Amino acid sequence: MQPGELSPGSEHHARAAALRARDLACLWHPCTQMKDHAGEVPLVPIARGEGPWLIGVDGSRYLDAISSWWVNLFGHANPRISRAVADQLTQLEQVMFAGFTHAPAVELAERLVALTPPGLVRCFYADNGSSGIEVALKMSFHYWQNAGRPGKKRFLALTHSYHGETLGALAVGGVDIYRATYAPLLMPVDFLPSPDASAAAPGMNAEQAAIAAAAALEARLAERAEEYAALIVEPLVQCAGGMRMHHPRYLQLAAAACRRHGVHLIADEIAVGFGRTGTLFACEQAGVTPDFLCLSKGLTGGYLPLAAVLTTDAVYQAFYDDWRAGRAFLHSHSYTGNPLACAAAVATLDIFAAEPVLERNRLLARHLAQRLAPLADHPHVSDVRQTGLIAAIDLVRDRETCTPYDWRERRGLGVYRHALARGVLLRPLGTVVYFMPPYVVSEDDIDLMVAVAHEGIDLATAD
Ligand SMILES: *Cc1c(COP(=O)(O)O)cnc(C)c1O
């Protein structure tokens, strides 16, 4: 090698640096203050993925402990899903879904109807989670219009809930950082207490917290059910709102109250569906069939954007009529039911059918719980909780008084940066450090991600 020539390692570093510079010159990233990337938080250019690992342009490897924002179930570049998408690519990449249909969309709908809770017999596609929420909200409102109940036009949602960031989805979200700026643009929504077990009043257990929150719902419905079209909830775990977990009893009581008072229940399983909480769908743990079930994220195994809204025959029949009656549901996205996305989703369901995914997840969840247990005694940890393959750790300044850290201290960012340097992708929500790994992680991978998180927490809370 001549003096001054780049070694292969530094050549890769130069390539990564060039990509970063080109990105910063023309791109704008989601959920990001772009100025951070010009300074202490450099972008991470990724070249490829392999199972639970992401491999950087500079050759560094990152264990994807958060499933690339909760979408990836069976690893990156999964051979089975990749093959299904590649095969579909040779047949049909896209066709409009009004007036036309195709086998991947039909097969996926049949299988979702068979797999989701009984009574959900119709599948409407959209092309991302937020759009799926818009579909459910509009369908519920429109159902009541068609049913001759025009007064039922408000939605009920829970504090700390997150349902996406388009304006309708944002309106039913209860997390201030996403919502506050846009509040003047949002439709009015009424918020009810979250059944969040970790915020239960002193002396209350998770089930009692669920019963108390359901009582608040019941009281509201008893008073004003005639104004409400639907209640929207994230079953078992409010994810973006801080991985807040609740007892399934809440879903049972909420579903019963909604039914009794003639208000729809919209279950947003966009993050918790497809085995994340221990059952294929979180609603199963409460034995509940919602009026609308929203699915996205893991639906395609994390390959392509797609959403499905499952609903009942009663809802479908309220729209089904002679065209002159003007009762049809007029909502469309250009890529509704995209064949590539549907093929990825069918291949994902094939993996669930062929492999003991839920059993393996249970073993992984148990291993994760064992590894996390010591963190419960950490002087700056106020809570460690877990539902299936979602686990979360709350960082606080003082665990005795539960004094939070000032958000301006960016403690979670310290954990993020330490983990990246150690080859693990964690992305705390403020001071909530969480894990939501792909189902293909090994026990060794879990050991690594928990050990690195523990180190990061020690460092980020050292002063
Ligand atoms: C991510 C998420 C959404 C929004 O999905 P997008 O595809 O990001 O628009 C909605 N609801 C929940 C519970 C989510 O976690």
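As the structure lists them, so they are numbered: ligands from 1, and atoms in each ligand from 1. Source: prediction; values computed, not measured. Values below: every heavy atom of this structure, side chains too, minus hydrogens, waters and symmetry copies.
Applying the ring pair (Phe, Tyr, Trp, His ring centres under 6.0 Å) test to residues at least two apart or on different chains, the pairs with a partner in residues 264-303 are Y143-H264, W144-H264, H264-F292, F274-F281. Residue pairs meeting the ring pair (Phe, Tyr, Trp, His ring centres under 6.0 Å) criterion with at least one member in residues 177-199, sequence neighbours excluded, are Y162-Y178.
Applying the ring pair (Phe, Tyr, Trp, His ring centres under 6.0 Å) rule to Y250 yields the partners H246; only residues at least two apart in sequence or on another chain are considered.
Between R111 and D350, at least one side-chain nitrogen of the basic residue sits less than 4.0 Å from a carboxylate oxygen of the acidic one, meeting the salt-bridge criterion. Using a cut-off of 4.0 Å between Lys/Arg side-chain N and Asp/Glu carboxylate O, R260 and E218 are scored as salt-bridged.
In the model, N205 has no side-chain atom that pairs as donor or acceptor with a side-chain atom of H247 under 3.5 Å.
Protein residues having a heavy atom under 4.0 Å from any atom of ligand 1 are W70, N128, G129, S130, Y162, H163, G164, E234, D268, I270, A271, K297, listed by chain and number.
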